[in-house]
Undergrad: 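Have a look at this one.
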Amino acid sequence: MDPLIETLAASDPAQMMRSGRWIYAAVSGGHVLGIALLIGAIASLDLRLIGLWPTVPVPDLARVLVPVAAIGLTLAIVTGLLLFLAGPADYLQMRLFLLKLTLIACGTGHAVWFHSTNSFARPGVALWRVGLPSLLIWLAVLICGRMLAFVD
């Protein structure tokens, strides 16, 4: 895996991320925007699944918020990969970073499973059992990502 890390670190995008102050800042801003779209949409939907806003039908809310969350996730992943290139070896040594990646995979898998089964359209499904774990996973991703700035 070391040759792969070295190749990534030596790539043109990695060099650009390390040397381009404004590029790094723009990519970082894009990452924050992606996170805001993702967490904002997911948290809103999950809070409804948990039981808040009972007058708003879940399928209607999902129809609006799921595409926003998908755009946010895509933007966060693309910009996150670029940020990762600035120091791949350093990031891969951080357990918190690996935990964040694991949680992102869990949260994404949970969302894909939930939406592929169309669970919110079936009567009698305890939607809070889906919303609460999702909310907790994505909040944990957010916390892990923020704490990365404070880990040596």
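Note that the structure is predicted; figures quoted are calculated from it, not measured. Side chains included, hydrogens not; waters and symmetry mates left out as well; all remaining heavy atoms used.
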Undergrad: Let me know which of Leu96, Ile104, Thr102 forms a side-chain contact (heavy atoms from CB on, under 4.5 Å) with Lys100.
TA: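 When side-chain contact (heavy atoms from CB on, under 4.5 Å) is applied between Lys100 and each of Leu96, Ile104, Thr102, only Ile104 qualifies.
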Undergrad: Count I, L, V, M, F, W, Y as connected when their side-chain heavy atoms are under 4.5 Å apart, and connections chain through other members. Are Val64 and Ile71 then in the same cluster?
TA: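 In one cluster with Val64: Ile71, no.
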Undergrad: Return the CE to CG distance between Met17 and Leu81, rounded to the nearest 0.5 Å.
TA: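 If I round to the nearest 0.5 Å, the distance is 10.5 Å.
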Undergrad: I need the minimum non-hydrogen distance between Ala9 and Ala14, along with the two atoms involved.
TA: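 Residues Ala9 and Ala14, closest heavy atoms: O-CB, 3.4 Å.
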Undergrad: Among Val130, Leu45, Leu135, which residue meets the side-chain contact (heavy atoms from CB on, under 4.5 Å) test with Ile50?
TA: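 Going through the options one by one, the only one that passes is Leu135.
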Undergrad: Quick one, Ile39 and Ile42 - any side-chain contact, counting heavy atoms below 4.5 Å?
TA: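 Counting from C-beta outward, Ile39 and Ile42 never come under 4.5 Å.
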Undergrad: Could you walk me through whether Phe97 and Leu148 pass the side chain to side chain contact (heavy atoms under 4.5 Å, CB included) check?
TA: CA-CA 7 Å; Phe97 179 73; Leu148 283 173; 3.9 Å; yes
Undergrad: Which ILVMFWY residues can you reach from Val32 by hopping between side chains whose heavy atoms are under 4.5 Å apart?
TA: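 When side chains under 4.5 Å apart are linked, Val32 ends up in no cluster with other residues.
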Undergrad: So Leu98 and Tyr91, side chain to side chain contact (heavy atoms under 4.5 Å, CB included) or not? Walk me through it.
TA: CA-CA 8 Å; Leu98 299 175; Tyr91 279 112; over 6 Å; no
Undergrad: Could you tell me if the side chain of Thr108 sits less than 4.5 Å from the side chain of Trp138, heavy atoms only?
TA: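 The answer is yes, as the side chains (C-beta and beyond) meet within the 4.5 Å cut-off.
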Undergrad: Check whether Leu82 and Met94 end up in the same hydrophobic cluster, where Ile, Leu, Val, Met, Phe, Trp and Tyr are linked by side-chain heavy atoms less than 4.5 Å apart.
TA: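 Looking at the clustering, Met94 is in the same group as Leu82.
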Undergrad: Say whether, by atom type as modelled, one donor and one acceptor occur between the side chain of Arg48 and the main chain of Leu61 under 3.5 angstrom.
TA: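 Checked: no pair found.
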Undergrad: Might you confirm whether atom CG of Asp60 has over 12 heavy atoms from other residues, nucleotides or ligands at distances under 6.0 Å?
TA: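 Yes, CG of Asp60 has more than 12 neighbouring heavy atoms, counting only those of other groups under 6.0 Å.
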Undergrad: What distance separates Leu49 CG from Ser44 OG, expressed to the nearest 0.5 Å?
TA: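 If I round to the nearest 0.5 Å, the distance is 11.0 Å.
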Undergrad: Is a side-chain N or O of Thr79 found less than 3.5 angstrom from the main chain of Leu75, in a donor-acceptor match?
TA: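 Looks like yes, one N/O pair under 3.5 Å.
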Undergrad: A side-chain contact here means heavy atoms from C-beta on lying under 4.5 Å apart; do Ile35 and Leu142 qualify?
TA: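 Yes - at least one pair of side-chain heavy atoms lies under 4.5 Å apart.
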Undergrad: Passes side chain to side chain contact (heavy atoms under 4.5 Å, CB included), Ile77 versus Thr74? Steps please.
TA: CA-CA 5 Å; Ile77 288 173; Thr74 303; 6.0 Å; no
Undergrad: Would Val78 and Leu37 show up in the same hydrophobic cluster when neighbours are defined by side-chain heavy atoms closer than 4.5 Å?
TA: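 Val78 and Leu37: separate clusters.
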Undergrad: Can you find a pair of side-chain heavy atoms, one from Leu132 and one from Asp46, that are under 4.5 Å apart?
TA: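 No - every pair of side-chain heavy atoms lies 4.5 Å or more apart.
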Undergrad: Drop me the distance from Leu139's CG to Ser134's OG, to the nearest 0.5 angstrom.
TA: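 Answer rounded to 0.5 Å: 9.0 Å.
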Undergrad: State plainly whether one hydrophobic cluster holds both Val68 and Leu73, where clusters connect Ile, Leu, Val, Met, Phe, Trp and Tyr through side-chain heavy atoms under 4.5 angstrom apart.
TA: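 No, Val68 does not connect to Leu73 through the hydrophobic network.
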Undergrad: What distance do Ile23 atom CD1 and Ser28 atom OG have between them, rounded to the nearest 0.5 Å?
TA: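 So the CD1 of Ile23 and the OG of Ser28 are separated by 13.5 Å.
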Undergrad: Check Ala69 against Leu38 and note the closest heavy-atom contact, atom names and distance.
TA: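 Where Ala69 meets Leu38 most closely, the heavy atoms are O-CD1, 3.6 Å.
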Undergrad: Quick check against the 3.5 Å criterion: does Arg18 have a side-chain atom that pairs as donor or acceptor with the backbone of Gly87?
TA: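 No; judged by distance alone, with no hydrogens or angles, the pair does not exist.
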Undergrad: Is the His110 ring parallel, tilted or perpendicular to the Trp113 ring (thresholds 30°, 60°)?
TA: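 The rings of His110 and Trp113 sit tilted, inter-plane angle from 30° to 60°.
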Undergrad: Check whether any side-chain N or O of His31 sits under 3.5 Å from a backbone N or O of Ala76 as a donor-acceptor pair, and report yes or no.
TA: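 Side chain of His31 to backbone of Ala76: a pair is present.
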Undergrad: For Arg63 versus Pro67, what's the shortest heavy-atom pair and its separation?
TA: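 Heavy atoms of Arg63 and Pro67 come nearest at O-CD, 3.3 Å.
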Undergrad: Is the number of heavy atoms from other residues, nucleotides or ligands under 6.0 Å of Arg146 CZ greater than 12?
TA: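 No, because the 6.0 Å sphere around CZ of Arg146 holds 12 heavy atoms or fewer from other groups.
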Undergrad: Starting from the C-alpha separation in whole Å, work towards a yes-or-no answer on side chain to side chain contact (heavy atoms under 4.5 Å, CB included) for Tyr24 and Leu83.
TA: CA-CA 7 Å; Tyr24 187 91; Leu83 292 170; 3.6 Å; yes
Undergrad: Kindly work out whether a path of hydrophobic side-chain contacts (I/L/V/M/F/W/Y, heavy atoms less than 4.5 Å apart) joins Val112 to Leu127.
TA: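 Val112 and Leu127: separate clusters.
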